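Keep in mind the model is a prediction, meaning the values are calculated, not measured. Note that the numbering runs from 1 along the sequence shown for the chain.
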Amino acid sequence: MPSVAVLAAVVFAGLWIGVALNWSWLTAADTSTLGRFHDFGVHHPLWIRLWRLVSDVLSPNVLRIAGLVCIVIALIRRRKRVAGFLAVTVIPAGLVTAVAKGVSDRPRPETALTHAASSSFPSGHALGITVGVLAFGVLLWPRVTASMRGPVIALGAALIGLVGLSRGALNVHYPSDVVAGCALGLLYYLLCVLLVPPSVTQT
């Protein structure tokens with residue numbers, strides 16, 4: 001786990017420095033990828049609607065609502081450790097995003113195909129879904145049978161990938177924003193696990 005945390009920190013820090021210093025190769029990769037998405041999206045309205053739906057259904061606000069519901073259920077069942085874990089992971093993820101965005105203050109892509117508030121780096125959607133998938137996943141993991149663990153991991157990875165892809169397809173985030181959001185989300189999640197170890201059995 002320490003090596004994963006170090007890798008996540010290096011990825012996020014590297015991208016943040018790259019954005020701050022306007023590394024030419026990073027800018028070129030970001031704009032080239034968004035250009036392809038934009039050119040396709042402007043001629044296919046249904047494509048845009050699809051990715052708007054993905055972004056809305058798996059948005060940070062929806063994840064926070066789901067987290068609040070699970071916290072209430074956990075408290076009713078007197079699963080205090082479960083409630084506490086969700087309270088420090090899923091719920092404050094928006095604050096982590098706000099702080100990171102405030103530090104970088106990167107403007108949104110000018111080619112955005114839908115409205116998006118605040119700054120661009122890192123992606124709050126990517127951060128939120130990464131924290132959410134990991135937090136809910138680790139709580140459900142003991143109840144997942146051995147034969148289903150592979151599909152569950154694949155589903156979690158697919159959800160993170162879909163959200164990240166949606167933000168690029170809508171041109172509201174550069175690819176580096178999405179990768180940075182996932183890296184920071186993973187780093188924050190690992191910090192929460194260290195401070196408030198999850199438990200589905202302890203009350």
Side-chain angles (χ1 to χ4, degrees), residues 1-37 51 54-55 58-60 63-64 85 88-109 111-112 116 118-138 141 152-198:
M1 189 177 295
S3 59
V4 175
V6 170
L7 177 60
V10 168
V11 170
F12 177 77
L15 290 172
W16 182 79
I17 293 171
V19 168
L21 298 180
N22 291 315
W23 286 347
S24 58
W25 68 267
L26 184 60
T27 302
D30 276 341
T31 55
S32 175
T33 303
L34 284 195
R36 294 188 181 94
F37 279 129
W51 292 117
V54 171
S55 282
L58 297 174
S59 70
L63 292 173
R64 280 192 285 271
F85 180 68
V88 300
T89 52
V90 178
I91 306 304
L95 178 60
V96 176
T97 300
V99 172
K101 284 179 177 289
V103 172
S104 65
D105 198 28
R106 186 186 199 183
R108 294 276 185 178
T111 54
S118 74
S119 56
S120 188
F121 183 95
S123 166
H125 275 70
L127 189 153
I129 192 66
T130 300
V131 173
V133 164
L134 292 173
F136 288 121
V138 75
W141 192 250
V152 167
I153 292 173
L155 175 61
L159 291 175
I160 295 172
L162 280 172
V163 170
L165 183 57
S166 74
R167 305 312 281 166
L170 294 172
N171 265 229
V172 292
H173 278 296
Y174 298 100
S176 56
D177 300 334
V178 173
V179 176
C182 291
L184 185 57
L186 174 58
L187 188 62
Y188 177 69
Y189 165 78
L190 293 175
L191 176 63
C192 291
V193 169
L194 179 64
L195 297 177
V196 187

Review point. Does anything in residues 14-31 pair up under side-chain hydrogen bond (donor to acceptor under 3.5 Å, both in side chains), and if so which pairs, sequence neighbours excluded?
Key: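 Listed once each, the pairs are D30-R106, D30-S176.
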Can you measure from [atom1] ([X]) to [atom2] ([Y]) and round to the nearest 0.5 angstrom?
{"X": "C182", "Y": "D177", "atom1": "SG", "atom2": "CG", "value": "11.0 Å"}
{"X": "L170", "Y": "L34", "atom1": "CG", "atom2": "CG", "value": "10.5 Å"}
{"X": "T130", "Y": "L184", "atom1": "OG1", "atom2": "CG", "value": "9.5 Å"}
{"X": "S104", "Y": "I17", "atom1": "OG", "atom2": "CD1", "value": "13.0 Å"}
{"X": "S120", "Y": "D105", "atom1": "OG", "atom2": "CG", "value": "10.5 Å"}

Mind checking whether [X] and [Y] have side chains closer than 4.5 Å, heavy atoms only?
{"X": "F37", "Y": "T111", "result": "no"}
{"X": "V88", "Y": "L195", "result": "no"}
{"X": "P60", "Y": "T97", "result": "no"}
{"X": "Y174", "Y": "V19", "result": "no"}
{"X": "V138", "Y": "F85", "result": "yes"}

Identify the heavy atoms of [X] and [Y] that sit nearest to each other, and give their distance.
{"X": "A5", "Y": "L187", "answer": "O-CD1, 3.4 Å"}
{"X": "V179", "Y": "V11", "answer": "CG1-CG1, 4.0 Å"}
{"X": "G156", "Y": "V133", "answer": "CA-CG1, 3.7 Å"}
{"X": "G18", "Y": "L26", "answer": "C-CD2, 3.8 Å"}
{"X": "G132", "Y": "V90", "answer": "CA-CG2, 4.4 Å"}
{"X": "A180", "Y": "L15", "answer": "N-CD1, 3.6 Å"}

Let me have the donor-acceptor pairs involving side chains of residues 121-129, under 3.5 Å, with sequence neighbours excluded, atom names and distances please.
{"residue": "S123", "atom": "OG", "partner": "H125", "partner atom": "N", "Å": "3.4"}
{"residue": "S123", "atom": "OG", "partner": "A126", "partner atom": "N", "Å": "3.0"}
{"residue": "H125", "atom": "NE2", "partner": "S55", "partner atom": "O", "Å": "3.2"}

### Query
Within the distance-only criterion (no hydrogens, no angle test), does the side chain of R108 pair as donor or acceptor with the backbone N or O of V172 below 3.5 angstrom?
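A pair under 3.5 Å: yes.
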